[in-house]
Amino acid sequence: MSRFRTRVIAVVRRIPAGQVATYGDVAELAGAPGAARAVGSVMRTCAARGVPCHRVVAAGGQLGGYGGSEAMKRALLQAEGVVLAGSRIREFAVRRWQPGRRTSAGRR
DNA sequence: TAATTGACTTCGC
DNA sequence: GGCGAAGCCAATT
């Protein structure tokens with residue numbers, strides 16, 4: 001169990017429902033900018049339970065992947081209130097979660 | 001310990 | 001806009 005892994009988990013757990021974060025973003029918040037692939041690897045190993053890994057998406061608003069069940073990830077995101085346009089997140093720039101960003105108010 | 005793979009990202013054609 | 005190649009980091013074998 002590397003510290004990086006725990007770091008990624010902590011960051012992902014901080015992502016509020018209805019919002020998403022990119023792998024690169026999570027990597028940076030985890031303290032490893034550029035480690036987007038590493039973040040994917042951590043997620044792929046299930047990281048830990050209670051971690052909404054489905055809120056972590058690829059850059060450009062793409063879904064990325066979810067153990068091969070991309071459709072499931074899509075359903076989960078929509079269930080959280082994320083509007084999807086095909087296989088992409090609508091208003092991704094707004095839906096993207098950022099630390100310091102006010103999310104409880106729901107305002108963008 | 002070293003090599004390979006992978007839920008990524010970005011530039012180029 | 002879609003396909004291809006290079007770069008980066010960590011986990012797994």
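Just so you know, these numbers come straight off a predicted model, no measurement behind them. All chains are named by letter (A, B, ...) in the order of the sequence lines, taking the proteins before the strands, and each is independently numbered beginning at 1.
- Atom-to-atom, CG of A/D25 to P of B/dA7 comes out at 21 Å; the value is rounded to the nearest Å.
- With hydrogens and angles left out, the side chain of A/Y23 and the base of B/dA7 share a donor-acceptor pair within 3.5 Å.
- With rounding to whole Å, A/L63 atom CG is found 12 Å from B/dC8 atom P.
- With distances taken from any side-chain atom of A/T45 to the nucleotides C/dT12, B/dT9, B/dA7, the minimum falls on C/dT12.
- Distance check, rounded to the nearest 0.5 Å: CD of A/Q98 to CG of A/D25 gives 6.5 Å.
- Comparing atom distances between the A/F4 side chain and each of B/dT10, B/dA7, C/dA10 picks out C/dA10 as nearest.
- Residue A/L84 holds its CG atom at 9.5 Å from CZ of A/R90, rounded to the nearest 0.5 Å.
- For the pair A/R44 and A/G34, nearest-nucleotide mapping onto DNA chain C gives the more 5' position to A/G34.
- Atom CZ of A/F92 and atom P of B/dC8 are 13 Å apart (whole Å).
- Between the C1' atom of B/dT9 and the CZ atom of A/R96 lies a distance of 13 Å, rounded to the nearest Å.
- Look at CE on A/M43: it is 14 Å from C1' on C/dC9, rounded to the nearest Å.
- Atom CG in A/L29 sits about 15 Å away from atom C1' in B/dC8, given to the nearest Å.
- Other residues sharing the hydrophobic cluster of A/L76, ordered by chain and number and joined by side-chain separations under 4.5 Å: A/Y66, A/M72.
- In this structure, the nucleotide among C/dA10, B/dT9, B/dA7 sitting nearest to the side chain of A/A38 is C/dA10.
- The nearest heavy atom of DNA chain C to A/R88 and to A/A35 marks one nucleotide each, and the one closer to the 5' end goes with A/R88.
- A donor-acceptor pair under 3.5 Å links the side-chain atoms of A/K73 to the main chain of A/V56, judged by distance alone.
- We find that CD1 of A/I9 is positioned 13 Å from C1' of C/dA11, with the value rounded to whole Å.
- Side-chain N or O atoms of A/R96 include none that pairs as donor or acceptor with a backbone N or O of A/T22 at under 3.5 Å.
- Looking at A/R37, its side chain comes within 3.5 Å of the base of B/dG6 through a donor and an acceptor atom.
- Rounded to whole angstrom, the span from the CD atom of A/E28 across to the P atom of C/dC9 amounts to 13 Å.
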